[in-house]
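Data first, discussion second: the structure below is written as structure tokens.
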Amino acid sequence: MPDRIKMKKRLVRIDESPDFKVINPNEVDKVDIASVMYEAYKDTVDYEDDTIDDLVMDILNIERGLYGKYLPEASFLAIFKQRVIGGIFLCDFKNEATITYNFTQKKYRNMGVSSTLIQLAENVLFDKGYDDIHLYVSLENQSAFNLYQSLGFEKEEIETEII
């Protein structure tokens with residue numbers, strides 16, 4: 001697994017209309033979502049030899065609260081021409097709204113899909129009273145790191161307990 005850093009952004013509400021349809025992940029078959037996740041991560045630094053079945057299990061684990069309390073109201077899928085092209089899943093991990101998964105199908109990258117989904121999630125979190133949004137990103141995934149920085153995320157020190 002690649003080294004990851006934690007990033008944080010202060011929430012600000014910005015209303016904008018997406019260039020694609022946005023729906024809740026519960027409205028789409030998990031295999032369809034996992035297939036797009038697989039295509040998005042395959043052959044990237046974040047690919048961990050997961051199969052589509054593994055990713056379906058990850059989605060179920062998100063819903064079951066394995067990564068913190070699932071926030072379905074702040075989780076979205078981007079739909080274009082009736083197909084999933086990207087998505088974002090958020091959980092409340094240790095009282096921090098955290099992006100658990102953020103993915104965009106390769107042919108739709110650099111078109112604002114991820115940025116728009118993050119902003120939509122931020123708006124929901126802001127309205128729910130959260131102050132910040134958090135994520136973990138692989139140091140080797142420079143394009144993702146650059147995207148998050150461009151959206152206002154900053155590196156955050158990870159506190160560790162010494163026992």
Would you call [X] and [Y] a side-chain contact if the rule is heavy atoms closer than 4.5 Å?
X      : Y      : answer
Phe103 : Phe89  : yes
Ile118 : Leu151 : yes
Asp15  : Asn123 : yes
Met7   : His134 : no
Lys21  : Lys81  : no
Val124 : Phe76  : yes
Arg10  : Phe126 : no
Asp32  : Val36  : no

Nearest heavy-atom neighbours spanning [X] and [Y]:
X      : Y      : result
Cys91  : Thr100 : SG-OG1, 3.3 Å
Leu90  : Ala74  : CD1-O, 3.2 Å
Ile62  : Tyr101 : CD1-CD1, 3.5 Å
Asn102 : Tyr41  : O-OH, 3.1 Å
Gly86  : Val113 : CA-CG1, 4.4 Å
Gly152 : Lys9   : O-CG, 3.8 Å

Which residues pass the side-chain hydrogen bond (donor to acceptor under 3.5 Å, both in side chains) test with Asp50, not counting sequence neighbours? none

Could you tell me whether Glu96 and Lys6 make a salt bridge, using a distance below 4.0 angstrom between a side-chain N and a carboxylate O? yes

Decide, yes or no, whether a salt bridge links Arg4 with Glu140 under the criterion of side-chain N to carboxylate O below 4.0 Å. no

Could you grab the distance from atom [atom1] of [X] to atom [atom2] of [Y], nearest 0.5 Å is fine?
X      : Y      : atom1 : atom2 : result
Lys8   : Asp132 : NZ    : CG    : 4.0 Å
Leu135 : Ile99  : CG    : CD1   : 5.0 Å
Ile85  : Leu77  : CD1   : CG    : 10.5 Å
Met111 : Asp19  : CE    : CG    : 9.0 Å
Ser114 : Gln119 : OG    : CD    : 12.0 Å
Lys30  : Ile59  : NZ    : CD1   : 7.0 Å

For side chain to side chain contact (heavy atoms under 4.5 Å, CB included), just list the numbers for Val84 and Val28, CA-CA rounded to whole Å, side-chain angles, deciding distance to a tenth of an Å, and then say yes or no. CA-CA 9 Å; Val84 175; Val28 176; 3.9 Å; yes

Does the [X] side chain pair with the main chain of [Y], one donor and one acceptor, at a distance under 3.5 Å?
X      : Y      : result
Asp54  : Thr51  : yes
Ser150 : Leu147 : yes
Asn146 : Gln142 : yes

Report yes or no: do [X] and [Y] belong to one cluster of Ile/Leu/Val/Met/Phe/Trp/Tyr joined by side chain heavy-atom distances under 4.5 Å?
X     : Y     : value
Ile33 : Phe20 : no
Leu71 : Ile23 : no
Ile88 : Leu60 : no
Tyr70 : Val22 : no
Val56 : Tyr67 : yes

Is there a side chain to side chain contact (heavy atoms under 4.5 Å, CB included) between Gln149 and Glu154 once you walk through the steps? CA-CA 6 Å; Gln149 275 195 317; Glu154 297 177 348; over 6 Å; no

Neighbour count above 12 (heavy atom, 6.0 Å) for Lys69 NZ: no

Steps toward side chain to side chain contact (heavy atoms under 4.5 Å, CB included) verdict (Val45, Tyr47): CA-CA 6 Å; Val45 67; Tyr47 181 63; over 6 Å; no

Under the side-chain contact (heavy atoms from CB on, under 4.5 Å) test, residues paired with [X] that sit two or more places apart:
X      : value
Ser35  : Val31, Ile52
Asn24  : Asn26, Glu27, Pro72
Asp127 : Arg13

Pair Arg64-Met57, side chain to side chain contact (heavy atoms under 4.5 Å, CB included): steps then yes or no: CA-CA 10 Å; Arg64 292 178 183 138; Met57 282 305 300; 3.7 Å; yes

With sequence neighbours left out, write down each residue that passes salt bridge (charged side-chain N to carboxylate O under 4.0 Å, His left out) with Glu73, or none if nothing qualifies. Lys128

Looking at residues at least two apart in the chain, or sitting in another chain, which of them share a ring-ring contact (aromatic ring centres under 6.0 Å, His included) with Tyr148? Phe153

Parallel, tilted or perpendicular: rings of Phe80 and Tyr108 (30°, 60°): perpendicular

